[in-house]
Amino acid sequence: MDEITSQLHAAAADAPATRIDVEHLISAERRHRRHRSWVWSGIGVAAAVAAVAVVPVLAAGGPPQAITLPAFGMPTGAPPTPVSLCAGVTPQTSGPLPPLQSYDTVRARPTEAPGDGVARLTGALRDALPSLLPTGVRIDPALKGCSEPQFQYHPRYREYTVDGTVRRGEESGAFLLRVLPTPTDEAEPGCRHAPDPDNCEDVNYPDGSAALVSIMVVEPGQRQLSVLLFRPDGTSVLAITNNFRNELVGNRRRTSKTADEPLLTVEQLAAIARAPGLTVYS
């Protein structure tokens, strides 16, 4: 039980009868904190601006763009090959791990050692990317000293992430991939769990997985694509990309396009999220 849950339950325990749904408030607060963590610790200011700005922009420009995803098959191939990892990929904590950020998970939490998970997931991603990225497109990792995308483990959230930049020539865009156990309050996924519930499409796949897909408009011509995938084994995969960047000029924020369109489509982003081996259950 996390701190906000304890506080709300304690407040409700001795309170008179009320119409307030405490459990709903707890669930909403957890979703808000997860959304905030997706945005701020993932893409950074650019994603935060997208999440905040999408509603007024869409209100002015009409309904959200329709999203159509084919039920394409997941790529197959040989088991992941051994990978060469950069140093410092698994941050170490001193003392006990911090409290979990949400209620329990759909399945028992993974027992795989973080270092083993980093190597396994990195190998799976590197095996999948050559057949999933468009011609001429590459992903440059944000992790210094790495030449290929590589996962990092974050003990605070019990999750694995890849941060980087999608590039094609002079064009670029942010890239985030996050793999973690599915919280129990998302066991039946729906657009209420998306970063922006008002701009979302729920897509189901033949293998039993489901994706929440969003296209957020920040400024004219500036878009952020996100895919939140729920695997049937209890793993969630979040993939985000865009075609803009934010810069602070004095005390003001300046947003500029880095490509005419995001260098990955929502279909390609979903294919990356669905790549074999991107699961916390080895």
Side-chain angles (χ1 to χ4, degrees), residues 34 37-48 50 74-75 77 80-91 110 112-134 137-168 172-182 195 209 211 213 224-231 235-243 245 258 262-282:
R34 271 198 304 278
S37 72
W38 291 345
V39 169
W40 287 104
S41 66
I43 298 298
V45 175
M74 295 173 63
T81 54
V83 295
S84 175
L85 300 177
C86 302
V89 299
T90 307
E112 183 178 31
D116 294 339
V118 166
R120 178 180 57 79
L121 289 167
T122 298
L125 179 62
R126 290 180 182 176
D127 282 353
L129 283 181
S131 63
L132 299 178
L133 293 178
V137 172
R138 70 181 191 276
I139 296 177
D140 290 341
L143 193 60
K144 292 183 178 179
C146 286
S147 59
E148 297 183 80
Q150 179 170 301
F151 278 93
Q152 291 182 280
Y153 179 72
H154 295 275
R156 178 174 179 81
Y157 296 99
R158 273 73 163 187
E159 65 187 21
Y160 298 87
T161 64
V162 173
D163 294 285
T165 302
V166 185
R167 297 189 186 277
R168 182 180 61 202
S172 64
F175 179 80
L176 168 70
L177 186 64
R178 183 166 295 175
V179 181
L180 69 161
T182 301
S209 61
V213 182
Q224 178 172 292
L225 316 181
S226 68
V227 174
L228 176 57
L229 178 76
F230 298 94
R231 291 183 179 270
T235 298
S236 293
V237 183
L238 175 67
I240 299 178
T241 193
N242 64 21
N243 67 330
R245 67 166 173 262
T258 54
L263 301 182
L264 298 173
T265 65
V266 286
E267 292 86 358
Q268 291 160 347
L269 204 60
I272 292 173
R274 299 181 65 219
L278 294 190
T279 170
V280 291
Y281 298 102
S282 56

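Atoms considered below: every heavy atom in the structure, side chains included; atoms not considered: hydrogens, waters and symmetry mates.
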Can you check whether P110 reaches P181 side chain to side chain, under 4.5 Å on heavy atoms?
yes
If I compare all heavy atoms of A128 with all of A275, which pair ends up nearest, and what's the gap?
CB-CB, 3.7 Å
My understanding is that only residues two or more places apart in sequence, or in another chain, count here; which of them pass side chain to side chain donor-acceptor pair (under 3.5 Å) with T235?
D233, T279
Under the side chain to side chain contact (heavy atoms under 4.5 Å, CB included) rule, collect the residues that match up with R126, sequence neighbours excluded.
V83, T122, E148, Q150
The reported gap from SG in C146 to CG in L85 (rounded to nearest 0.5 angstrom) is 8.0 Å
What are the two closest heavy atoms between R231 and A273, and how far apart are they?
NH2-O, 3.1 Å
Could you state the interatomic distance from OH (Y153) to CZ (R158), rounded to the nearest 0.5 Å?
6.0 Å
How many angstroms lie between CD1 in I240 and CG in L228, if you round to the nearest 0.5 Å?
9.0 Å
Compare every heavy atom of T258 with every heavy atom of S172, then report the nearest pair and how far apart it is.
O-OG1, 2.6 Å
I'd like to check E112 versus V280 (side-chain heavy atoms, cut-off strictly below 4.5 Å). Are they in contact?
no
For the residue pair A239 and L269, what are the closest heavy atoms and their distance?
O-CD2, 3.4 Å
Using modelled atom types only, decide if a donor and an acceptor are shared between the side chain of T241 and the backbone of A174 within a distance under 3.5 Å.
yes
Report yes if the side chains of L133 and I272 come closer than 4.5 Å at any heavy-atom pair, otherwise no.
yes
Rounded to the nearest 0.5 Å, what separation is found between the CG atom of L121 and the CG atom of L278?
6.5 Å
Using modelled atom types only, decide if a donor and an acceptor are shared between the side chain of T165 and the backbone of D140 within a distance under 3.5 Å.
no
Heavy-atom closest pair, residues T161 and E159
CG2-OE2, 3.9 Å
Roughly how far, to the nearest 0.5 Å, is CZ of F151 from CG of L177?
4.5 Å
Closest non-hydrogen atoms of V227 and V266, given as atom of the first, atom of the second and distance, are CG2-O, 4.0 Å
Value rounded to 0.5 Å, distance of CZ in R178 from CG in L229:
15.0 Å
